[in-house]
Amino acid sequence: MKKIVTLGCFLLATISASAQQEAMVTQYMFTGQYHNPAYVGSHPYNSFSILHRDQWMGFEGAPKTNLFAFDGITKNEKVGLGGLVVTDRIGATSRLEALTSYSYRLKVGPGFLNFGLRAGVSNYRTNFDKLNYWDQDQVFTSPQKSSITPKFGFGTYYYTKRSYVGFSIPTLYAIDDLPRNMNYPAYARHYFLTGGTVFDISPAVKFRPSFLVKYVASAPMEADFSANFLLKDMLWIGASYRTGDAVTGLMEYQINRQIRLGYSYDYATSVMNGYARGTHELMLAVDLVKNEVKIKNPRFF
C-alpha cells in the first residue's frame, strides 16, 4: 500500500510539473528577474545572484532547480540589461535555459515604470534510460530525446523606494517542435502578478508583506503570501504560505552592503507531506554598490 501511495504522489507531482512548467522559488522577492524581465535595471548598481532549490528532500526524482542571474542599468539610467541561466530537473526530465532581459525605465509619479522583454532558448531533455517501462514503443528506441526551443517573454514592473508591483508572462511565445495535431503547446503561458511594500515599525524593525500569484491554464491558481521583518537593517526573518502546497520559513542575512545570504525551508501541506523531508532553498547575492554613502538602505526587494 505504501508503494502504491508513493507512486500516486509521484504521478500527482508529474502532472503538476507538466502543467506548471516554470519552476517555483520561495525567495521570489529577491529573484524578480526569473519571473519578470522588467525587474532588470530596477537598482542603481549591478547585481549577481545564485540560487539552489532542492525540493521534496528524500523523494526519488524530486525537482532540483538552479538559477544564476545578473542585471544592471546603463549609464543613462533608462535601460536595464540582464541575463539568466536556469537548470531544472525532475525525474527523467531536465531543462537548461539561457535567457536575456531588456527593460526601459520611465519616471512615473513617485516611482519608475519598467517595460521588459525577454528572449532566449530552452533545451528540454528526457532520459528514457532512467525509466522502467514495459511497452516497447518506438519512442524508447533511443536513450534520450532533446529539443531546443526559442522563447520570448514580456513584463511590466512599477516600483518606488519601498513598494513594487509587477505583471509578467515569462513565456509569451515559444517556437516548439511538437506535431501540429497535438492539442497543447510544449510551453504553456504562465501569468505572474507580484507586489510588496515596506513599513517602519520602529527605528530598528521594518515589516515587509508581499505576494506572488501564479496562473496557468489546466492547473489551479497558486499564490504565495509572505510576511518578513527586517531587524536593524541586517537580518530578514519571516514566513509565507503557498496555497495548497506549503508553509515556509525564511531568513536572509545582510553580511554587508554588497553581500546577502538567504535560506528558506518549505514544509509541505499537500499530499507530499509524509513522503518527503521538506524543501531547502539557498541564495547568495552580490550587489556591486560603488557609492555606499548614496545607497544607505538595505535592499528591500
Side-chain angles (χ1 to χ4, degrees), residues 17 20-43 46-55 63-72 80-90 94-103 114-124 149 151-157 159 164-172 174 187-196 210-216 222-224 226 240 242 245 248 250 252 260 262-264 266 279-287 299-301:
Q20 295 198 11
Q21 298 157 337
E22 304 285 351
M24 69 177 70
V25 294
T26 297
Q27 300 176 70
Y28 62 86
M29 65 289 295
F30 287 121
T31 56
Q33 184 188 171
Y34 177 61
H35 296 120
N36 192 342
Y39 181 84
V40 301
S42 59
H43 301 93
N46 296 328
S47 298
F48 296 84
S49 62
I50 300 174
L51 182 142
H52 171 73
R53 179 179 177 85
D54 204 337
Q55 190 168 333
K64 297 183 186 295
T65 304
N66 295 286
L67 307 179
F68 173 75
F70 68 91
D71 78 278
L81 299 173
L84 182 67
V85 176
V86 182
T87 64
D88 191 36
R89 186 172 75 250
I90 176 171
S94 62
R95 176 170 56 102
L96 171 63
E97 292 188 335
L99 307 164
T100 58
S101 298
Y102 166 92
S103 73
N114 284 13
F115 294 93
L117 297 174
R118 168 181 291 173
V121 294
S122 178
N123 176 255
Y124 190 83
T149 302
K151 300 173 63 177
F152 306 91
F154 168 79
T156 60
Y157 186 73
Y159 61 98
Y164 71 95
V165 63
F167 172 78
S168 62
I169 308 174
T171 304
L172 181 64
Y187 289 87
R189 288 180 180 174
H190 294 59
Y191 303 86
F192 291 87
L193 177 67
T194 185
S210 62
F211 68 88
L212 173 65
V213 179
K214 297 161 277 188
Y215 172 76
V216 59
E222 189 176 81
D224 286 44
S226 304
S240 66
R242 183 177 302 118
D245 184 59
T248 298
L250 180 148
E252 180 174 291
R260 296 172 287 118
Y263 169 78
S264 65
D266 295 9
T279 297
H280 300 271
E281 190 174 288
L282 185 65
M283 183 192 72
L284 175 65
V286 178
D287 300 326
R299 185 161 171 170
F300 296 138
F301 45 84

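Remember, predicted model here, so these are calculated numbers, not experimental data.
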Which heavy atom in T149 sits nearest to a heavy atom in A174, and how many Å separate them? CG2-CB, 3.9 Å
With sequence neighbours excluded, residues passing ring-ring contact (aromatic ring centres under 6.0 Å, His included) with F301: Y164
Check whether any side-chain heavy atom of Y34 lies under 4.5 Å from a side-chain heavy atom of L84, and answer yes or no. yes
Spacing of NZ belonging to K64 relative to NE2 belonging to H280, to within rounding of 0.5 Å: 10.0 Å
Restricting to ring-ring contact (aromatic ring centres under 6.0 Å, His included), what partner residues turn up for F152, sequence neighbours left out? none
Could I get the full list of side-chain contact (heavy atoms from CB on, under 4.5 Å) partners for S240, not counting sequence neighbours? T26, S226, T248
Does T194 reach the main-chain N or O of F211 with its side chain, forming a donor-acceptor pair under 3.5 Å? yes
Output all residues satisfying side chain to side chain donor-acceptor pair (under 3.5 Å) with N66, sequence neighbours left out; order by chain, then residue number. H52, T87
Check whether R118 reaches the backbone of I169 with its side chain - one donor and one acceptor, N or O, closer than 3.5 Å. no
Can you list everything that forms a side-chain contact (heavy atoms from CB on, under 4.5 Å) with L81? Sequence neighbours excluded, please. T74, V79, Y102
Please round to the nearest 0.5 Å and tell me the distance separating atom CG of L282 and atom OH of Y263. 8.5 Å
Strictly distance-based, threshold 3.5 Å: is any side-chain N or O of S103 a donor or acceptor partner for the main-chain N or O of V40? yes
Under the salt bridge (charged side-chain N to carboxylate O under 4.0 Å, His left out) test, which residues partner D266, sequence neighbours left out? R53, R242
In Å, rounded to the nearest 0.5 Å, how long is the span from CG of L172 to CZ of F154? 8.5 Å
For D287, what residues pass the salt bridge (charged side-chain N to carboxylate O under 4.0 Å, His left out) criterion, not counting sequence neighbours? R260, R299
What residues, two or more places apart in sequence or in another chain, satisfy side chain to side chain donor-acceptor pair (under 3.5 Å) together with Y191? none
Applying side-chain contact (heavy atoms from CB on, under 4.5 Å) to I50 and not counting sequence neighbours gives F68
Counting C-beta onward and ignoring hydrogens, is there a side-chain heavy-atom pair between M24 and D245 closer than 4.5 Å? yes
Run the side chain to side chain contact (heavy atoms under 4.5 Å, CB included) test on N46 and F70 for me, step by step, so that the C-alpha distance in whole Å, both residues' side-chain angles and the decisive distance to 0.1 Å come before the verdict. CA-CA 7 Å; N46 296 328; F70 68 91; over 6 Å; no
List in chain and number order the residues that pass side chain to side chain donor-acceptor pair (under 3.5 Å) with T65, two or more places apart in sequence or in another chain; answer none if no residue qualifies. D88
For S101 and P37, work out which heavy atoms get closest and say how close. OG-CB, 3.7 Å
So, taking the atom named OG in S122 and the one named CG in L99, what distance separates them when rounded to the nearest 0.5 Å? 7.5 Å
So, do L96 and V85 sit near enough that their side-chain heavy atoms are less than 4.5 Å apart? yes
With sequence neighbours left out, what residues match S42 under side-chain contact (heavy atoms from CB on, under 4.5 Å)? Y39, N114, Y157, Y159
To the nearest 0.5 Å, what is the distance between CD1 on I90 and CD on Q55? 7.5 Å
Residue pair H35 / H190, side-chain heavy-atom distance below 4.5 Å: no
Rounded at 0.5 Å granularity, tell me how far CZ in F300 sits from CE in M29. 14.0 Å
Do D71 and S47 have side chains that get closer than 4.5 Å, going by heavy atoms? yes
Test your reading of the model: is there a side-chain donor-acceptor pair from E281 to the backbone of Q27, 3.5 Å cut-off? yes
By salt bridge (charged side-chain N to carboxylate O under 4.0 Å, His left out) - contacts of E97 (at least two apart): R95, K151
